[in-house]
Asks: 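One structure coming up, written as structure tokens, with questions to follow.
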2 protein chains.
Amino acid sequence: MDKNHALDAFAALSQSTRLDVFRLLIKAGDTGMSAGDIGDTLGVRQNTMSANLGVLARSGLIRSMREGRSIRYFADMDGMRGLLAFLMEDCCGGRPELCQPVINELACAC
Amino acid sequence: MDKNHALDAFAALSQSTRLDVFRLLIKAGDTGMSAGDIGDTLGVRQNTMSANLGVLARSGLIRSMREGRSIRYFADMDGMRGLLAFLMEDCCGGRPELCQPVINELACAC
DNA sequence: TCCCTATATCAATACTTCTTGATATATGGA
DNA sequence: TCCATATATCAAGAAGTATTGATATAGGGA
């Protein structure tokens with residue numbers, strides 16, 4: 001995770017619809033949701049949703065998998081963890097080993 | 001932490017200088033840094049830095065304390081933790097008790 | 001009080017981003 | 001092949017944001 005990547009990720013999360021999408025996908029967990037279902041759930045038009053999903057995907061916070069005619073999206077926990085690690089780098093007086101394990105656990109692989 | 005607060009925080013972190021400032025303050029830990037020192041370290045003009053510090057402070061990611069003529073800024077770990085908690089709310093199939101303790105530990109009170 | 005240092009605010013310009021209607025691409029079924 | 005569904009792309013107008021020069025406020029020292 002480099003700085004530009006982190007900036008893209010934070011920009012992705014700083015818009016209302018995209019924040020809703022990410023949190024929805026966090027809740028959906030490994031099941032994920034199709035683009036259409038996400039749009040229906042949040043009441044967002046098709047092309048707007050597509051654009052916003054594209055922004056989130058390019059930022060590394062979500063990933064997608066084609067499934068027939070639909071595309072299923074998932075929260076990308078590796079991306080999320082990488083973002084946190086970047087943000088917290090060198091925290092705690094340059095002793096990141098104190099925080100890093102905590103960050104690593106935040107994978108929600110629960 | 002409500003949604004608008006979270007949006008403000010992510011918007012704050014989605015700008016290059018502000019991301020630098022926050023990471024610098026994460027490194028600085030409890031010591032913090034004065035506004036002037038932050039500006040000097042990052043090579044940013046006085047009024048630009050003041051505006052950016054204001055954005056970060058209003059978003060709840062940093063806090064400040066006047067110290068004579070200077071103002072010392074600190075990363076606000078409670079704000080950071082609240083943001084993560086909001087983002088990860090209802091993760092892991094609606095069993096947040098699995099993640100919340102991890103998030104709570106991420107206070108970098110190390 | 002007067003001045004110096006440290007930080008904040010203001011107004012304007014430049015820049016970026018969001019949304020939308022229209023349209024294109026991709027997949028599956030008949 | 002032809003059509004229907006699902007998603008993506010494009011161009012343009014609207015809205016929001018960053019930076020800057022100038023200026024204001026706040027605190028400390030003489």
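Because the structure is a prediction, the values reported are computed rather than measured. In what follows, every heavy atom counts, from backbone to side chain, and hydrogens, waters and symmetry copies are set aside. All chains are named by letter (A, B, ...) in the order of the sequence lines, taking the proteins before the strands, and each is independently numbered beginning at 1.
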Asks: Any donor-acceptor pair under 3.5 Å between the side chain of Gln46(B) and the base of dA6(C)?
Replies: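 Answer no: no donor N or O sits under 3.5 Å from an acceptor.
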
Asks: Nearest 0.5 angstrom please: Thr48(B) OG1 to Leu53(B) CG, how far?
Replies: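 Reported value, rounded in 0.5 Å steps: 11.0 Å.
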
Asks: Write out all pairs satisfying salt bridge (charged side-chain N to carboxylate O under 4.0 Å, His left out) with one or both partners inside residues 32-58 of chain B, taking only residues at least two apart or from two chains.
Replies: none

Asks: When rounded to the nearest 0.5 angstrom, what distance separates CD in Glu89(B) from CE in Met1(B)?
Replies: 11.0 Å

Asks: For Met49(A) and dT20(C), give me the distance from atom CE to atom C1', rounded to whole Å.
Replies: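 Rounding to the nearest Å, CE of Met49(A) and C1' of dT20(C) are 15 Å apart.
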
Asks: Could you pick out which residue, Ser50(A) or Arg66(B), lies toward the 5' side of DNA chain D when each is mapped onto its nearest nucleotide?
Replies: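 Result of the comparison: Ser50(A).
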
Asks: How many Å lie between CE on Met65(B) and P on dA6(C), as a whole number?
Replies: 17 Å

Asks: With 3.5 Å as the limit, what N/O pairs link the protein to nucleotides 2-6 of chain D?
Replies:
| from | atom 1 | to | atom 2 | distance (Å) |
| --- | --- | --- | --- | --- |
| dA6(D) | O3' | Arg69(A) | O | 3.4 |

Asks: Please confirm whether the backbone N or O of Gly68(B) pairs with a side-chain atom of Arg66(B), one donor and one acceptor, at under 3.5 Å?
Replies: yes

Asks: Sort out for me which residue in Leu19(B), Leu25(B), Val21(B) forms a side chain to side chain contact (heavy atoms under 4.5 Å, CB included) with Leu56(B).
Replies: Val21(B)

Asks: Nearest 0.5 Å, what's the CE-CE distance between Met80(A) and Met88(B)?
Replies: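 CE of Met88(B) is found 3.5 Å from CE of Met80(A).
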
Asks: Could you give the CZ-to-P distance, from Phe10(B) to dT17(C), as a whole number of Å?
Replies: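 For the pair Phe10(B) CZ and dT17(C) P, the rounded distance is 18 Å.
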
Asks: Please list, for nucleotides 13-20 of chain D, all pairs of protein and nucleotide N/O atoms separated by less than 3.5 Å.
Replies:
| from | atom 1 | to | atom 2 | distance (Å) |
| --- | --- | --- | --- | --- |
| dA18(D) | OP1 | Arg18(B) | NH1 | 3.1 |
| dA18(D) | OP1 | Arg18(B) | NH2 | 2.5 |
| dA18(D) | O3' | Gln15(B) | NE2 | 3.4 |
| dT19(D) | OP1 | Gln15(B) | NE2 | 3.0 |
| dT19(D) | OP2 | Asn52(B) | ND2 | 3.4 |
| dT20(D) | OP2 | Thr48(B) | OG1 | 3.1 |

Asks: Once you round it to whole Å, what is the distance between C1' of dT7(D) and CZ of Arg72(A)?
Replies: 15 Å

Asks: Looking at Ala12(B), is its backbone amide N or carbonyl O close enough to the side chain of Arg18(B) to form a donor-acceptor pair, meaning the two atoms are under 3.5 Å apart?
Replies: yes

Asks: Examine distances only and state if a side-chain atom of Ser14(A) and a backbone atom of Ala11(A) form a donor-acceptor pair shorter than 3.5 Å.
Replies: yes

Asks: If Ile, Leu, Val, Met, Phe, Trp and Tyr residues are connected whenever their side-chain heavy atoms lie under 4.5 Å apart, and connections chain through other members, are Leu24(A) and Val44(A) in the same group?
Replies: yes

Asks: Rounded to the nearest angstrom, tell me the gap between atom CG in Leu53(A) and atom C1' in dC18(C).
Replies: 15 Å

Asks: Whole Å only: how far is the CD1 atom of Ile62(B) from the P atom of dT7(C)?
Replies: 12 Å

